[in-house]
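Working notes for the structure below.
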Amino acid sequence: MNTIQFTVVIPLYNKSECIVRALQSVHTQHHQAAEIIVVDDGSTDDSPQKVIDLGLPNLRLVRQTNQGVSAARNKGVKAASSDYVAFLDADDTWSPFFLARMAELIQRFPQAGLFASRYQKVLDNGEYIDAKIALTNWAPEGYEMDNYFEVAANGDLPFTMSSLVVDKTAFNQLGGFVVGEWMGEDQSFYVQAALKSRIAYSPAIESFYFLGAPGSACDKAPPTQLCPFAERLLSAIKNGEVAHTAMAHKYVATHICDLAKRNIKHRLYGQALRLLANPVARAKPLHWSAYLVLSVCRSTLSRVSFGLIR
């Protein structure tokens with residue numbers, strides 16, 4: 001019998017086309033989960049019925065009115081009976097060894113509160129590509145990641161919600177997931193873990209992050225201001241609560257430049273320029289200058305074209 005037991009929490013909202021795939025990846029784990037909790041966040045399609053029809057013996061379907069993914073995850077953790085909670089989004093999957101790898105990390109780094117692995121991205125066409133993570137340690141047995149902001153500021157995030165496990169006690173100490181924010185709930189939790197807990201990490205790829213969900217809120221209307229997690233991190237820096245301030249500033253700058261890029265993509269050049277006017281953005285000088293020039297040039301060209309049409 002496995003001495004380390006996991007509860008898997010899967011938030012669900014209208015994922016009929018992929019929830020079975022996600023659950024099958026949990027069911028085929030070499031280190032079996034003690035329980036699987038699917039929290040249906042008010043789905044209007046047949047995805048909850050597909051969960052029931054699978055008939056997995058250790059699975060519970062919990063229902064709530066639509067409150068968002070953070071509330072669904074928090075509810076799943078509250079209902080969990082295991083000391084360790086593994087999160088999996090309904091459109092992602094694990095390798096058969098994910099939980100076994102996490103159990104190894106827990107045994108090797110029992111003082112950590114969060115445990116995670118590297119991941120691959122899966123494109124619409126089914127192609128698997130490595131996430132561009134700027135790791136500074138590739139120890140195959142895993143290690144304690146004490147430079148989250150440095151890694152995250154120089155490439156893709158080192159983990160996703162579908163490639164991490166959290167100690168339930170640490171989760172409660174961190175306050176769980178922030179509810180009601182329009183974007184960045186995941187990163188808010190990562191930042192809190194980096195500031196107030198310890199992160200054990202494996203460079204092995206054990207999780208698969210599926211891209212290309214059409215019609216996301218960000219795609220339809222890119223944010224025009226910093227996400228709340230970034231504002232909170234800047235406040236923590238100002239209050240002297242962050243040890244590696246330069247890298248934390250660079251982390252926020254990465255976020256600002258990403259928002260600017262999204263706005264440029266939607267031809268919202270004025271909004272991109274307002275974002276880039278934040279002095280913190282200069283902590284990523286190459287990206288900042290490139291997006292600044294691009295915004296100015298395209299904004300000018302757009303005005304000239306409009307004048308010619310008139």
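Between Tyr128 and Phe210, the two ring planes are perpendicular [angle over 60°; tilted spans 30° to 60°]. Taking the six-membered ring where tryptophan is involved, the planes of Phe97 and His30 are tilted, since the angle between them lies from 30° to 60°. Tyr251 and Phe149 have perpendicular rings, their planes meeting at more than 60° on a 0 to 90° scale where under 30° would count as parallel.
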- Test side-chain hydrogen bond (donor to acceptor under 3.5 Å, both in side chains) on Asp41 and Gln67 and set out the steps. CA-CA 7 Å; Asp41 188 36; Gln67 300 172 50; 5.5 Å; no
- Start with the C-alpha distance between Ser43 and Leu12, add both sets of side-chain angles, then the distance that settles side-chain contact (heavy atoms from CB on, under 4.5 Å), and finish with yes or no. CA-CA 7 Å; Ser43 294; Leu12 176 65; 4.0 Å; yes
- Message: Assess the residue pair Lys15 and Asp92 against the criterion (salt bridge (Lys or Arg N to Asp or Glu O under 4.0 Å)); give the C-alpha distance rounded to whole Å, side-chain angles, the decisive distance to 0.1 Å, and a yes or no.
- Response: CA-CA 11 Å; Lys15 296 290 184 179; Asp92 296 335; over 6 Å; no
- Task: Report the C-alpha distance between Ser202 and Ser117 in whole Å, list the side-chain angles of each, state the deciding distance to 0.1 Å, and finish with yes or no for side-chain hydrogen bond (donor to acceptor under 3.5 Å, both in side chains).
- Result: CA-CA 5 Å; Ser202 169; Ser117 79; over 6 Å; no
- Task: Could you go through the side-chain contact (heavy atoms from CB on, under 4.5 Å) check for Ser70 and Val178 one step at a time?
- Result: CA-CA 6 Å; Ser70 290; Val178 178; 5.7 Å; no
- Query: Is there a side-chain contact (heavy atoms from CB on, under 4.5 Å) between Phe6 and Met102 once you walk through the steps?
  - Reply: CA-CA 10 Å; Phe6 297 98; Met102 294 300 100; 4.0 Å; yes
- Message: Go through it in stages, so that I can follow the logic: the residues are Leu226 and His255, the test is side-chain contact (heavy atoms from CB on, under 4.5 Å), and I'd like the CA-CA distance, side-chain angles, deciding distance and then a yes or no.
- Response: CA-CA 8 Å; Leu226 269 67; His255 170 63; 4.3 Å; yes
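In this structure, Leu276 CG and His287 NE2 are separated by 12.0 Å, a value rounded to the nearest 0.5 Å. Between the OG atom in Ser289 and the CG atom in Leu294 there is a gap of 11.0 Å [rounded to 0.5 Å]. Rounding to the nearest 0.5 angstrom, the gap separating the CG atom in Leu135 from the CZ atom in Arg118 is 6.5 Å. Residue Leu61 holds its CG atom at 14.5 Å from NZ of Lys50, rounded to the nearest 0.5 Å. For the atom pair Phe171 CZ and Leu114 CG, the distance stands at 11.0 Å (nearest 0.5 Å). Atom CZ in Arg232 sits 4.0 Å away from atom CD in Glu181 (nearest 0.5 Å).
Linking Ile, Leu, Val, Met, Phe, Trp and Tyr whenever their side-chain heavy atoms come within less than 4.5 Å puts Ile256 and Ile237 in one cluster. Leu211 and Ile133 fall within a single hydrophobic cluster, where Ile, Leu, Val, Met, Phe, Trp and Tyr are joined by side-chain heavy atoms under 4.5 Å apart, directly or via other members. By the rule that hydrophobic residues join a cluster once side-chain heavy atoms approach within less than 4.5 Å of another member, Leu164 and Val69 end up as members of separate clusters. Under the 4.5 Å side-chain heavy-atom criterion for Ile, Leu, Val, Met, Phe, Trp and Tyr, Leu233 and Trp182 are members of the same hydrophobic cluster. Note on Met161 and Val191: same hydrophobic cluster, where clusters join Ile, Leu, Val, Met, Phe, Trp and Tyr whose side-chain heavy atoms are under 4.5 Å apart, directly or indirectly.
When every heavy atom of Tyr291 is checked against every heavy atom of Cys257, the shortest pair comes out as CE1-O, 3.6 Å. Here the closest non-hydrogen pair linking Ala33 and Val8 is CB-CG2, 3.7 Å. Minimum heavy-atom separation, Phe177 to Phe87: CE1-CZ, 3.7 Å. Considering all non-hydrogen atoms of both residues, Tyr143 and Asn137 come closest at CE2-O, 3.1 Å. Between Ala260 and Ala272, the closest heavy-atom pair is O-CB, 3.8 Å. Lys284 approaches Ala253 most closely through the heavy-atom pair CG-CB, 3.6 Å.
Counting only distance, with no hydrogens or angles, the side chain of Asp156 and the backbone of Lys132 share a donor-acceptor pair below 3.5 Å. Here the side chain of Gln192 pairs no donor or acceptor atom with the backbone of Gly175 at under 3.5 angstrom. Looking at Asn263, its side chain does come within 3.5 Å of a backbone N or O of Pro223 through a donor-acceptor pair. A donor-acceptor pair under 3.5 Å is formed between the side chain of Arg108 and the backbone N or O of Glu141. Tyr201 places a side-chain N or O within 3.5 Å of a backbone atom of Pro158 that can act as its donor or acceptor partner. No side-chain donor-acceptor contact under 3.5 Å links Thr28 to the backbone of Pro96. When atom types are taken as modelled, the side chain of Ser25 and the backbone of Ala22 share a donor-acceptor pair closer than 3.5 angstrom. Put simply, the side chain of Trp94 gets close to the backbone of Ser162: a donor and an acceptor are under 3.5 Å apart. Glu231 places no side-chain N or O within 3.5 Å of a backbone atom of Cys227 that could act as its donor or acceptor partner.
Counting heavy atoms from C-beta outward, Val20 and Asp53 have side chains that stay 4.5 Å or more apart. Using a 4.5 Å heavy-atom cutoff, the side chains of Asn147 and Met247 are not in contact. The side-chain heavy atoms of Leu54 and Leu59, taken from C-beta on, include no pair separated by under 4.5 Å. Leu195 has its side chain out of reach of Glu241: every pair of non-hydrogen atoms, C-beta onward, lies at least 4.5 Å apart. In this structure the side chain of Val38 reaches within 4.5 angstrom of the side chain of Leu23, judged on heavy atoms. Side chains of Leu273 and Leu292 form a contact here, defined as non-hydrogen atoms less than 4.5 Å apart. Val166 places none of its side-chain heavy atoms less than 4.5 Å from the side chain of Val77. Looking at heavy atoms from C-beta onward, Asp186 lies out of side-chain contact with Thr160 at the 4.5 angstrom threshold.
Looking only at atom types and distance, the side chain of Asn154 has no donor-acceptor partner in the side chain of Glu150 under 3.5 Å away.
Checked options Phe189, Phe98, Tyr119, Tyr190; the residue passing with Phe159 is Tyr190 (criterion: ring-ring contact (aromatic ring centres under 6.0 Å, His included)). Partner Asn14 forms a side chain to side chain donor-acceptor pair (under 3.5 Å) with one of Asp46, Thr44, Asn66, Asp40 and no other, that one being Thr44.
The 12-atom threshold is exceeded at CZ of Phe229, counting heavy atoms of other residues, nucleotides or ligands nearer than 6.0 Å. Counted within 6.0 Å of NZ on Lys78, heavy atoms from surrounding residues, nucleotides or ligands total 12 or fewer; the atom is thus considered open.
Relative to the ring axis of Phe208, Arg21 does not place its NZ or CZ within 45° and under 6.0 Å from the centre.
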